Amino acid sequence: LWKWKKKNLTRSSDNQSINQSENNFIKNLKYEVRLNENNYYKITSEESEINYINNEEIVKMYKVKALVLDQNNLPIVITAKKAVYNNSNYNTNFREDVLIEYMDYKILADKMDLNFQKNIIKIFQNVRYIGTENKLTSDNIELNLITKEIDIFMDSKTDNVKIIKN
């Protein structure tokens with residue numbers, strides 16, 4: 001399933017021994033995490049590079065797809081060209097051509113940070129929201145993963161969020 005490019009090694013889900021002194025390149029990497037009894041997170045990439053920084057596994061991922069399931073089993077699907085995944089706290093920073101799909105709407109942006117400690121998704125830079133009734137552009141969207149409250153705002157207080165009716 002996983003291939004190392006730097007060495008002729010293979011890794012299975014049962015064998016977790018990794019040489020921590022150098023970076024490792026892997027194809028078709030997948031992490032699945034049960035965050036608690038109600039929430040689930042899965043992230044996959046076509047190509048990845050595993051780095052060890054301060055005894056933490058930091059994974060640079062390319063051609064990324066992620067899934068967050070909440071207690072109601074409603075999926076948030078995220079795709080991006082790149083991501084950085086922290087395997088100790090599961091936080092993930094998505095970059096380039098980020099697409100978030102949830103229920104009947106889509107959000108496109110340049111960047112998105114998924115923070116499980118704060119239970120927040122922050123979507124920023126060139127944000128476009130496409131819903132069934134409205135389209136909007138803004139600098140930032142923050143989604144609380146627990147309450148599902150959404151804050152939409154601009155970086156500058158003098159700028160306005162642009163809303164267009166469909």
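Given the structure is predicted, the values throughout are model-derived calculations rather than measurements.
- Taking CD1 of Ile141 as the start and CE of Met112 as the end, the distance is 11.5 Å to the nearest 0.5 Å.
- There is no side-chain donor-acceptor pair under 3.5 Å between Tyr41 and Glu32.
- Counted within 6.0 Å of CG on Asp104, heavy atoms from surrounding residues, nucleotides or ligands total 12 or fewer; the atom is thus considered open.
- Within the 3.5 Å criterion, the main-chain N or O of Asn72 finds a donor-acceptor partner in the side chain of Asp70.
- Side-chain contact annotation: Glu57 with Tyr31, donor-acceptor N/O pair under 3.5 Å present.
- To the nearest 0.5 Å, the span separating CG on Leu67 from CG on Leu69 amounts to 4.5 Å.
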Only distances under 3.5 Å count here; give the side-chain donor-acceptor pairs of residues 118-137 to other protein atoms, sequence neighbours excluded, each with its distance to 0.1 Å.
from   : atom 1 : to     : atom 2 : distance (Å)
Arg128 : NH1    : Asn126 : O      : 2.3

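- Interatomic distance, Lys148 NZ to Met103 CE, rounded to the nearest 0.5 Å: 10.0 Å.
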Trace of the side-chain hydrogen bond (donor to acceptor under 3.5 Å, both in side chains) decision for Glu56 with Asn86:
CA-CA 7 Å; Glu56 290 187 341; Asn86 184 324; 3.2 Å; yes
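- In the hydrophobic clustering of ILVMFWY residues, with side-chain heavy atoms under 4.5 Å counting as a link, Ile58 and Tyr90 come out apart.
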Distance-only check: which donor-acceptor pairs under 3.5 Å involve side-chain atoms of residues 74-85, not counting sequence neighbours?
from  : atom 1 : to    : atom 2 : distance (Å)
Lys81 : NZ     : Asp97 : OD2    : 3.2
Lys82 : NZ     : Glu96 : OE2    : 3.1
Tyr85 : OH     : Asn87 : OD1    : 3.3

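- In this model, no donor atom of one side chain and acceptor atom of the other lie less than 3.5 Å apart for Glu46 and Asn28.
- With contacts defined as side-chain heavy-atom distances shorter than 4.5 Å, the pair Leu114/Val68 qualifies.
- Distance CG/Asp151 to CG/Asn144: 9.0 Å, rounded to 0.5 Å.
- Just one residue in the list Leu99, Ile100, Ile43 forms a side-chain contact (heavy atoms from CB on, under 4.5 Å) with Phe94, and that residue is Ile43.
- Distance check, rounded to the nearest 0.5 Å: CG of Asp113 to OG1 of Thr92 gives 9.5 Å.
- Closest approach of Ile146 and Gln71 over heavy atoms only: O-NE2, 4.4 Å.
- Atom NZ of Lys162 has 12 or fewer neighbouring heavy atoms from other residues, nucleotides or ligands inside a 6.0 Å radius.
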Can you list the steps and then say if Lys27 with Tyr62 is a side-chain contact (heavy atoms from CB on, under 4.5 Å)?
CA-CA 10 Å; Lys27 289 190 179 226; Tyr62 305 94; over 6 Å; no
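- Annotation: side chain of Ile50 is in contact with side chain of Ile26 (closest heavy-atom distance under 4.5 Å).
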Decide side-chain contact (heavy atoms from CB on, under 4.5 Å) for Lys60 and Asn51; before the verdict, give the C-alpha distance in whole Å, the side-chain angles of both, and the deciding distance to 0.1 Å.
CA-CA 8 Å; Lys60 293 180 184 177; Asn51 301 285; 3.9 Å; yes
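- No side-chain heavy atom of Lys63 sits less than 4.5 Å from a side-chain heavy atom of Ser45.
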Are Asp155 and Asn140 close enough, and set up right, to give a side-chain hydrogen bond (donor to acceptor under 3.5 Å, both in side chains), and what steps lead you there?
CA-CA 7 Å; Asp155 290 330; Asn140 302 281; 2.7 Å; yes
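- In this structure, Tyr102 is a member of the same hydrophobic cluster as Val98, with clusters built from ILVMFWY side-chain heavy atoms closer than 4.5 Å.
- A continuous path of ILVMFWY side-chain contacts below 4.5 Å connects Tyr105 to Leu145, so both sit in one hydrophobic cluster.
- Annotation: the span from Asn160 atom CG to Ser138 atom OG amounts to 11.5 Å, rounded to 0.5 Å.
- In this structure, the side chains of Met154 and Val161 come closer than 4.5 Å at one or more pairs of heavy atoms.
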